[in-house]
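As C-alpha cells, the structure follows; a few thoughts come after it.
Each chain gets a letter, A, B and so on, in the order its sequence line appears, and its residues count up from 1. A quick note: this is a predicted structure, and the numbers were derived from the prediction, not measured.
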Number of protein chains: 2
Amino acid sequence: MAASNYEEAERQLRRYLSKNGLRCTVERLAILKSLWENGGHPSAEMIAQSLSKGPLYVSRATVYRTLDLLVEAGLLTCSNLGEGHRHYEINVDHHDHLICRRCGKIIEVRSPEIETLQRKLCKEAGFEPLSHTLEITGLCGACRREIADDGESDNGAWRRSAVRQHGE
Amino acid sequence: MAASNYEEAERQLRRYLSKNGLRCTVERLAILKSLWENGGHPSAEMIAQSLSKGPLYVSRATVYRTLDLLVEAGLLTCSNLGEGHRHYEINVDHHDHLICRRCGKIIEVRSPEIETLQRKLCKEAGFEPLSHTLEITGLCGACRREIADDGESDNGAWRRSAVRQHGE
DNA sequence: GCATGAATTGAGAAGTCATCTCATTCGCTC
DNA sequence: GAGCGAATGAGATGACTTCTCAATTCATGC
Ligand SMILES: [Mn+2]
Ligand SMILES: [Mn+2]
Ligand SMILES: [Zn+2]
Ligand SMILES: [Zn+2]
C-alpha cells in the first residue's frame, strides 16, 4: 500500500494525479522529493525553506496546496506534534509519537496491540475509523537524566508550545 | 485528583492560585464556571461568546491566558480534535476521542488496556509520559447509515478541516 | 512540434487563531 | 483604606494558513 522508496512514491503520485484529472507539475514532484530526501517531520515553512536552496522556486501557496494534495493521495501524513502548526512526514508504515516537552525530540513507536484495541473500541461505538493519531508528551531519557543531574536548579529550556498544547 | 463538580474545581483553583501567588479574579472564576455549565469541547472563541451573554465582559486576551492557566492547574484539558484550533474540556476522567469527519460529532471512549499499553511503550523507550491524546477520525454510525442510504450520490457535508488534519 | 484550453502557479491580500505590550484596574495584605 | 503587585482590556502584532486572480504551464490532439 504505502510506497517504500521515492520512485515508487512518484509512480503512486502520477497514478493518483491522472486518475483525478490533475497535472504532474515540477513543483509537486519537488515537494514530494524533498520529503523523501530530508525525512523527519517538517512543517510547510521548513519544506519551503528547504526547496529555496534548490534551483526551483516554489511559493508558499503551492507548498500548502501540494501538501494537502499529497496527504489526500496517501503519500504523506499530517500531525500536530503538540505545536501550533502542522507537521508532515512520508507515509511509510503507521506509527505513533512520543514528544519530549523539553528538547522537542520525537520518538517513533509502533504497537500493533494498541492498533487492535483501537479497532475494537471503534467497532463497539459503531464508528468507522479512517485515521488516527496518538501523541504522548513527556520527557525523553536524556532530558530525564539532565534534570536529575541539575537537581532542582535549572529545569532547562522547556518547550512552551508542547507544554501548552497537551496540558494534563 | 480531578474535581467531580464545580465547587470542588473552584476550591482546587483557589488552592492552585494561592500556592503560586496568583489572584482569584472574577474572570477566572467565570471562565471555569462556563466550562462546567456548558460542558462539551469549546474553543477559546466559543467560551468568549458564551461569557458575552452574561453580565461580565471578559476580553479575548484574558480568555486565552486563563485557559492556559486552567490547563496548567490541571482543571482543563486541551486537544485539537482535527481542527485548526484548540478545544478545551473539564478534566474529569481521562478519555480519548472518536471524531466524525462528516458531522463533527465527538464520541468519548475509555480504554484502560490502551492506557496500560501506552505506559509500557513509554517505559521501553525510557520516556516519562506526562500527557497524551488519542484521536481517531472517521465516520459515526449515523453518518455511515446516511451514506449507505444515499448510495453514491450525495456524500453530505464533509468537514474539510477534519479531513485535512488527519490525512491517511 | 505547435496550438488549445484547462489546471496550476505566484504574488499578495486576507483570514484565523493566538500572543504580546502597556496603560489602567483590581485583589490582596497590612 | 492605602499601597503594591498581579491581572485585565484594547489593540497591535505575529504565526500559520487560505484565498483571489492574472500569468504560466502542462496535457492533449492535431
Ligand atoms: Mn513520525
Ligand atoms: Mn472529551
Ligand atoms: Zn528531551
Ligand atoms: Zn457523523
inquiry  = So if I take every side-chain heavy atom of Y64(B) and compare against dC26(D), dC17(C), dA11(C), which nucleotide ends up nearest?
reply    = dC17(C)
note = From NE2 of H85(A) across to P of dA18(C) the rounded distance in Å is 14 Å
ask   = Does the base of dG27(C) carry an N or O that pairs as donor and acceptor with the side chain of R28(B) under 3.5 Å?
value = no
query = Partners of R15(A) by salt bridge (Lys or Arg N to Asp or Glu O under 4.0 Å), sequence neighbours excluded?
reply = none
Pair of N/O donor and acceptor under 3.5 Å linking dG12(C) base with R60(A) side chain = no
task = Hey, which sits more toward the 5' end of DNA chain D by its nearest nucleotide, G21(B) or L56(B)?
result = G21(B)
message = If I take atom SG from residue C140(B) and atom CD1 from residue I106(B), how far apart are they, to the nearest 0.5 angstrom?
response = 11.5 Å
request  = For L51(A) and dG10(C), give me the distance from atom CG to atom C1', rounded to whole Å.
outcome  = 14 Å
inquiry  = At 10 degrees resolution, what angle do the end axes of the helix from dG1(C)-dC30(D) to dC30(C)-dG1(D) form when each is taken over five base pairs?
reply    = 40°
Collect all protein-nucleotide pairs involving nucleotides 1-4 of chain C in which both atoms are nitrogen or oxygen and the distance is under 3.5 Å.
none

inquiry  = What residues from residues 35-50 of chain A pass a heavy-atom cutoff of under 4.0 Å to DNA chain C?
reply    = none
Identify the pairs formed between an N or O of the protein and an N or O of nucleotides 28-30 of chain C at a distance under 3.5 Å, and give each distance.
from    : atom 1 : to     : atom 2 : distance (Å)
dC28(C) : OP1    : C24(B) : N      : 3.2

Along DNA chain C (nearest heavy atom to each residue), the more 5'-positioned of A61(B) and E27(B) = A61(B)
key: E10(A): salt bridge (Lys or Arg N to Asp or Glu O under 4.0 Å) partners, not counting sequence neighbours   = R14(A)
